[in-house]
Amino acid sequence: MAKRIGFNAFNMTAAGHQSAGMWRHPQSQAHRYKDLDYWLDLAQTLERGCFDTIFLADVLGPYDVFEGSPTAALRNGMQIPANDPFQYISAMASVTSRLGFAVTASATFEHPYPLARRLSTLDHLTKGRVGWNVVTSYLASASRNFGVVPLAHDDRYELAEEFMTVMYKLWEQSWDDDAVEFDRERGVFVNPDKVHPIRHKGRFFNVDGFNMAEPSPQRTPVIFQAGASSRGRRFAAEHGEGLFVNVLNTELSRVITDDIRSKAEAAGRKREDVKIYSILTAVIADSDAEAERKYEEYTQYSSHEGAMALFGGFSGIDLAKFDKDTPLNAADTNAIQTVLDLFTKLDPSRKWTPADIANHMSIGGVEPVLVGSPETVADEIERWVDEGDLDGINLSYAVTPYDIEAFVDTVIPELQKRGRVWKDYEGETLREYLAGPGNRRLSLTHPGSRVVREPK
């Protein structure tokens with residue numbers, strides 16, 4: 001039987017996400033990012049399309065590497081202004097019953113004790129439909145705003161390892177399953193003997209007590225992660241249940257996914273325990289020729305300057321310092337190393353100039369764009385999943401919500417007809433969507449916390 005293809009809608013509570021300048025398009029509603037009705041409608045559309053989640057990205061500082069200033073990011077609305085994604089989830093959950101929600105929070109700038117409660121609260125309110133995208137923040141602008149010295153790339157992951165240990169302890173160890181007795185006759189709401197301080201003392205964190213929230217339907221929300229460097233892949237293989245990879249073709253996808261699955265095996269997990277997604281953008285019309293015309297129309301609104309601001313934020317490299325027609329060379333960066341590597345060394349068959357990068361990233365960001373009829377786009381998605389050893393797609397957009405609605409109304413039915421997308425959700429919690437019905441709880445042995453909780 002062909003593998004089910006899972007879909008997450010890759011979005012951000014901002015006017016500009018991956019496609020620079022596309023908020024200018026006449027059909028774009030991106031400027032409504034602060035309008036709750038926009039998000040409620042979008043959530044219902046995604047649930048109609050049986051998407052696993054709406055996946056909300058986030059940043060904690062402006063993209064100010066390009067030309068040494070946030071000017072280009074601000075002018076192009078490139079992930080700025082950006083609202084707090086946590087605030088949107090309860091409202092979207094109130095108008096849906098099955099759609100999952102993956103929210104980004106930084107292990108670099110958050111503290112595990114309050115974050116554990118915030119995520120437990122959302123898991124309660126959504127009845128188990130929440131995931132946490134664990135990031136190690138790469139923006140120097142964010143470090144300056146928090147008044148801290150930026151950690152080196154690998155040190156960010158060392159901090160994140162301890163962060164995860166504390167979170168597992170708070171979620172999995174501090175409350176027994178039956179700690180809440182709610183006994184009116186005896187006057188006992190919580191049995192104190194069944195709540196346990198974690199007494200964590202570490203290099204980065206000292207947390208004495210227990211989670212302030214009682215165990216939620218999933219206890220630990222589904223863990224998403226996007227680490228793609230060598231150190232990041234090891235972190236992802238140990239912790240991630242849903243992983244996101246940056247790739248430019250299916251051959252590269254196969255190499256990266258095989259490496260991640262092998263690292264998961266080395267960490268004592270099964271290869272299929274890790275669900276891996278690639279980000280794609282789809283431009284759809286009734287025919288391939290119409291879709292190509294639509295794509296060309298989109299390019300009239302896209303911004304190369306905004307794309308270079310995005311690349312600078314991702315990579316830490318200021319393209320303004322290079323000749324736009326001279327191929328870029330590999331370098332070490334303290335930001336997202338693999339974004340730079342994609343254009344400098346991971347695909348030796350092509351040399352990328354700054355002009356090439358700006359053109360490529362102006363629609364869809366780093367990832368490829370699929371252009372065609374619903375049948376063509378469905379063919380390409382199947383090819384990406386099967387040849388690239390993927391489990392699903394993180395679907396981005398150029399024009400919102402137009403592109404997403406077109407995908408739900410045309411491509412999803414085509415993939416359902418082919419048996420690649422479910423026609424109704426299977427399971428009740430987000431973890432069950434990924435791991436299968438009955439798998440509601442974290443099933444992971446973590447070397448730091450020694451958490452072992454079998455699914456039930």
Side-chain angles (χ1 to χ4, degrees), residues 8 43 47 52-56 84-105 107 110-134 163-183 188-192 194-198 200 207 209-225 239-242 275 425-446 449 451-456:
N8 304 297
E47 186 165 83
D52 291 0
T53 75
I54 179 169
F55 180 89
L56 297 176
D84 178 0
F86 274 79
Q87 307 300 320
Y88 292 70
I89 292 174
S90 294
M92 288 190 284
S94 73
V95 297
T96 58
S97 61
R98 311 302 295 278
L99 178 68
F101 305 94
V103 61
T104 300
E110 295 276 1
H111 190 283
Y113 182 68
L115 182 61
R117 181 173 71 162
R118 285 164 64 203
L119 286 164
S120 292
T121 300
L122 285 178
D123 203 49
H124 279 298
L125 296 178
T126 63
K127 296 182 172 62
R129 293 186 279 149
V130 162
W132 170 32
N133 177 38
V134 185
F163 198 109
M164 296 304 297
T165 296
V166 177
M167 295 294 268
Y168 292 142
K169 287 179 178 180
L170 289 168
W171 282 326
E172 298 288 342
Q173 295 182 351
S174 67
W175 290 69
D176 292 351
D177 285 339
D178 57 353
V180 177
E181 296 184 353
F182 187 44
D183 189 327
V188 176
F189 196 91
V190 177
N191 186 332
K194 297 180 179 180
V195 180
H196 317 287
I198 66 172
H200 177 87
V207 180
F210 41 80
N211 191 1
M212 286 293 289
E214 66 178 90
S216 65
Q218 297 181 122
R219 273 193 178 254
T220 297
V222 172
I223 303 299
F224 289 95
Q225 221 281 317
H239 302 280
E241 297 171 88
K275 305 303 180 185
Y425 290 85
E426 297 177 8
E428 300 295 328
T429 69
L430 180 54
R431 181 164 285 111
E432 288 181 287
Y433 300 167
L434 272 65
N439 293 289
R440 299 172 64 89
R441 299 282 184 81
L442 184 73
S443 181
L444 176 68
T445 300
H446 179 250
S449 63
V451 170
V452 182
R453 184 172 294 281
E454 292 302 318
K456 56 180 169 180

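Please read these numbers as outputs of a predicted model, since none were measured by experiment.
Of all non-hydrogen atoms in G131 and P221, the two that sit nearest each other are CA-CB, 4.1 Å. Across A116 and L170, no two heavy atoms sit closer than the pair CB-CD1, 3.8 Å. The two residues K127 and T429 make their nearest non-hydrogen contact at O-CG2, 4.2 Å.
Under 4.0 Å is where a charged nitrogen must lie from a carboxylate oxygen, and between E241 and R431 at least one such pair does. Ion pairing of D177 with R441 is present here, as a side-chain N (NZ or NE/NH1/NH2) and a carboxylate O approach within less than 4.0 Å.
Within the 3.5 Å criterion, the main-chain N or O of Q218 finds a donor-acceptor partner in the side chain of D123. Between the side chain of Y433 and the main chain of R98, a donor-acceptor pair closer than 3.5 Å is present. Within the 3.5 Å criterion, the main-chain N or O of Y168 finds no donor-acceptor partner in the side chain of R219. In this structure, E47 contributes its side chain and L99 its backbone to a donor-acceptor pair below 3.5 Å. One N or O on the side chain of H124 and one on the backbone of E214 form a donor-acceptor pair closer than 3.5 Å. For the pair E428 (side chain) and G128 (backbone), a donor-acceptor distance under 3.5 Å is absent. A donor-acceptor pair under 3.5 Å is absent between the side-chain atoms of S120 and the main chain of R117, judged by distance alone.
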- Yes or no on side chain to side chain contact (heavy atoms under 4.5 Å, CB included) for L56 and M92, after CA distance, side-chain angles and deciding distance? CA-CA 12 Å; L56 297 176; M92 288 190 284; 4.2 Å; yes

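In this structure, CG on L125 lies 10.5 Å from CD1 on I89, to the nearest 0.5 angstrom. Rounding to the nearest 0.5 Å places CE of M167 at 8.5 Å from CG of N211. Between L115 atom CG and W132 atom CH2 the span is 5.5 Å, to the nearest 0.5 Å. If you take CZ on F224 and CG on L430, they are separated by 5.0 Å, rounding to the nearest 0.5 Å. Rounded to the nearest 0.5 angstrom, M164 CE and W171 CH2 are separated by 6.5 Å. Distance check, rounded to the nearest 0.5 Å: CZ of R129 to OG of S97 gives 6.5 Å.
Residues W175 and V190 are in side-chain contact: their nearest non-hydrogen atoms beyond the backbone lie under 4.5 Å apart. A heavy-atom distance below 4.5 Å is not found between the side chains of I198 and F210. A heavy-atom distance below 4.5 Å is found between the side chains of T126 and F101.
Of the candidates I223, V222, T104, N133 forms a side-chain contact (heavy atoms from CB on, under 4.5 Å) with just one, namely T104.
Proximity of the aromatic rings of F163 and H239 is defined here by a centroid distance below 6.0 angstrom, and this criterion is not met.
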